[in-house]
Every structure is written in structure tokens, then in C-alpha cells.
Amino acid sequence: MPLQSLLDLRKEMVFDSSLTRITLDWLLDDVYIYPGDDDHIRILQKANQRFSEQKLFHAEQRGEELFIIDGRKQTFNIGLNVNRSQLDIIVPKKEFESIHITSAGGRVNFRNMNVNKCVIKNTSGKINVSGRIHELHLKVAGAGVTGEVLDVGKLRISSTSSKTDLSGSFNDIESHFTGSVLIISSLTAPERIHSVSTGASVRVTIPDNDGFSCRFKKLSGSFKSDFPVVSNGNDMIYLAAKRSYLAEVRGGQFILLKA
């Protein structure tokens, strides 16, 4: 962790492992969320000694949900925030019901997690995500997103000007992508793909499979496929057409690649 050796531990709180939902509302700096070796949820914030005590995180439990908020959101004079900090949330190795993260700037590192529903909203920062996630919702603007070793049931992306590169297994993909590049490499052929892109390049790589039907709609732009599809109007048919894909392009391109 790049800042760890430069910062001091300024605040730590410990919560019971019975919590199943986490909501984080953060402004700046790096956030790390990952499983640890004990049965409690530990929150640690590291910062230099110039970082105001009032700006350290606040956390409280409400029922089965843990709420964590950046202390800077509760001060009137946020200032330039030249003093950096780092937040670590270390959780038990179990499945969580939901984790919601909102951040502006900084990095969100969501590592090797097991969660039913994860929502990450980020503006002008970076996201790195991995783990088993039944529903993954990414809502980003001006950000950079990478994901590796993912096992995702439903992937939902709403993005503006955010380069995104995800790899793993995906069963259901829906993306609304404006600007930049979206790259998805799936180890399994998704049952459903619904892509709407504006001025963007979307590249989806899947293995060979027993068939799909891909409907292509465009105002301008192009569709390319490694698979030997048969055209039927706007529909591109491959083998038994068991899966349902849709690509709507408003400038740019949609490319379906064979792994």
C-alpha cells in the first residue's frame, strides 16, 4: 500500500461480524476494502499529524448495517485537502448482503470480496475490483476502472469518459457507455448482453459456445464479430441462438471477439 509507510494510524474502530451491509460515503484519498483473518470488521484511517482530528472518519451501526462517512463531509471548511489519508476496511471472510461505496477522487480498492450486491459510484478517481459478486453496479464519470478474477452474475455499468477493463466470468451484462473504451473479457459466454454506447469503443471477448442472437442497432458506427454469424436484418445469428445479445451504437464500435 503506497502511503502506509508515510502515514500514522490516527483512528481505529472495531464492529461485530454480524453486520451484513456496509455503506461508505467518502470524498478523497485511497480506500481499501478486503477480507482479513479475524471475525470482526476493523476500520483504520492513517494520516499524517497535520490531518485534523475533526476530519477523520465517523462510523455507526444501525441494525445490521454499518455506515462510514468521511469526516471532511461534516466540516464547513474542506479546503484543498493537501494532507493525504488512507482508509482500510478489513472484513471477515463471509458473504455480505450489500456494500455501497460513493467516492470522489482517490482510489477504491475492492479486493477478493464476497458480496450479493455491490454498488460503486466514483467521480474522477480509480477503481480496482475483484471477487465473487452476484450484482455489480458501477456508476462512474471521468474515472479509470479495472477488474480481475471477477465472478459476477449481473454486471451493470453506467459510465461517462471512463476507461474500463474487466475480466472474469459474467452471466448478464448491461452497459450504458459514453466516450472512452470498455473492454470485457469473460471466461464464460454470458446469457445476456445489452450494450448502449455513444462515441465509445466496446470490446467483449467470450469463448466459443452453442449460439447466440445479436441484434445490432446504430445511428452511426460499426459492428464486428469473430464469430461466423448469419445476418437476418438487424439480427446476427450464431448457431442455435440460445443467448440474447443487443448492441446499440451511437458512434463508435461494438466488437465481439472469440477467446
Side-chain angles (χ1 to χ4, degrees), residues 97-102 108 110 113 115-123 127-207 209 211-219 221-225 227 229 234-238 241-259:
E97 180 60 31
S98 67
I99 297 179
H100 289 244
I101 302 167
T102 302
V108 175
F110 193 80
M113 294 293 291
V115 59
N116 185 50
K117 182 177 181 179
C118 175
V119 179
I120 302 177
K121 301 177 182 178
N122 183 277
T123 303
I127 298 172
N128 187 286
V129 58
S130 64
R132 193 208 68 81
I133 306 168
H134 181 64
E135 291 186 34
L136 175 59
H137 297 249
L138 300 172
K139 302 178 181 181
V140 292
V145 183
T146 58
E148 299 176 329
V149 198
L150 284 163
D151 183 1
V152 175
K154 296 179 181 180
L155 173 64
R156 302 291 182 262
I157 304 175
S158 177
S159 170
T160 302
S161 303
S162 300
K163 183 177 180 180
T164 301
D165 190 343
L166 305 173
S167 63
S169 295
F170 306 90
N171 187 61
D172 186 317
I173 298 170
E174 184 170 321
S175 69
H176 295 263
F177 213 82
T178 301
S180 199
V181 178
L182 170 62
I183 300 171
I184 299 176
S185 302
S186 183
L187 296 172
T188 56
E191 294 299 316
R192 176 178 176 269
I193 298 175
H194 185 115
S195 171
V196 179
S197 59
T198 303
S201 174
V202 178
R203 302 199 294 267
V204 181
T205 301
I206 63 175
N209 56 84
F212 59 81
S213 172
C214 183
R215 173 158 292 186
F216 177 59
K217 300 180 180 180
K218 71 171 183 176
L219 293 179
S222 62
F223 173 88
K224 297 179 182 179
S225 173
F227 295 87
V229 297
N234 291 331
D235 294 331
M236 312 293 177
I237 309 298
Y238 177 61
K242 292 184 176 181
R243 295 167 180 82
S244 176
Y245 299 166
L246 181 145
E248 184 173 335
V249 176
R250 304 164 183 171
Q253 59 183 351
F254 180 92
I255 305 174
L256 190 60
L257 301 171
K258 183 188 293 187

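Predicted model, so just to flag it, every value in this text is computed and none were measured.
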Heavy-atom closest pair, residues Phe227 and Leu257: CE1-O, 3.7 Å
So Ile157 and Val145, side-chain contact (heavy atoms from CB on, under 4.5 Å) or not? Walk me through it. CA-CA 11 Å; Ile157 304 175; Val145 183; over 6 Å; no
Could you walk me through whether Tyr238 and Leu256 pass side-chain contact (heavy atoms from CB on, under 4.5 Å), step by step? CA-CA 12 Å; Tyr238 177 61; Leu256 190 60; over 6 Å; no
Taking side chain to side chain contact (heavy atoms under 4.5 Å, CB included) as the criterion, tell me which of Asn122, Thr123, Thr160, Ile120 meets it with Val140. Asn122
CD1 (Ile237) and SG (Cys214) are apart, to the nearest 0.5 Å, by 9.0 Å
Check Phe216 against Ser222 and note the closest heavy-atom contact, atom names and distance. CZ-C, 3.7 Å
Minimum side-chain heavy-atom gap Arg250-Val196 below 4.5 Å: yes
Do you know the tightest heavy-atom contact between Pro207 and Ser186? CD-O, 3.3 Å
More than 12 heavy atoms from other groups under 6.0 Å of CZ on Arg192: yes
Does a side-chain heavy-atom distance below 4.5 Å link Ile133 with Met113? no
Establish, from distance only, whether the side-chain atoms of Asn128 and Thr146 form a donor-acceptor pair under 3.5 Å. yes
Look only at the side chain of Ser162 and the backbone of Gly142, and say whether a donor-acceptor pair between them is shorter than 3.5 Å. yes
Say you draw a straight line from CD1 of Ile184 to OG1 of Thr164; how long is it, rounded to the nearest 0.5 Å? 8.5 Å
From Cys118 atom SG to Ile101 atom CD1, the distance as rounded to the nearest 0.5 Å: 5.0 Å
Smallest separation among heavy atoms of Ser169 and Thr188, with atom names: CB-OG1, 3.9 Å
Hey, what do you get for CD (Glu97) to CG (Asn116), rounding to the nearest 0.5 Å? 4.5 Å
Output yes when Lys154 and Glu174 qualify as a salt bridge under the 4.0 Å nitrogen-oxygen rule, no when they do not. no
Are any non-hydrogen side-chain atoms of Leu182 and Ser175 less than 4.5 angstrom apart? yes
Evaluate side-chain contact (heavy atoms from CB on, under 4.5 Å) for Ile193 paired with Phe212, printing each intermediate quantity in order. CA-CA 10 Å; Ile193 298 175; Phe212 59 81; over 6 Å; no
Backbone of Ser185 reached by a side-chain donor or acceptor of Thr205 within 3.5 Å: no
With Phe223, which of Lys218, Met236, Lys217 fulfils side chain to side chain contact (heavy atoms under 4.5 Å, CB included)? Met236
Nearest heavy atoms of Tyr245 and Pro190, plus distance in Å: OH-O, 2.7 Å
Does some side-chain heavy atom of Lys117 sit less than 4.5 Å from a side-chain heavy atom of His137? yes
Close side-chain approach of Leu136 to Phe170, heavy-atom, < 4.5 Å: no
Does one side chain, of Ser167 or Glu148, offer a donor that lies under 3.5 Å from an acceptor on the other? no
Rounded distance [0.5 Å steps], NE2 in His134 versus CG in Leu155: 12.5 Å
Kindly give the heavy-atom pair with the smallest separation between Ile206 and Ala189, and that separation in Å. CB-CA, 4.4 Å
When rounded to the nearest 0.5 angstrom, what is the spacing between NZ in Lys139 and NE2 in His176? 11.0 Å
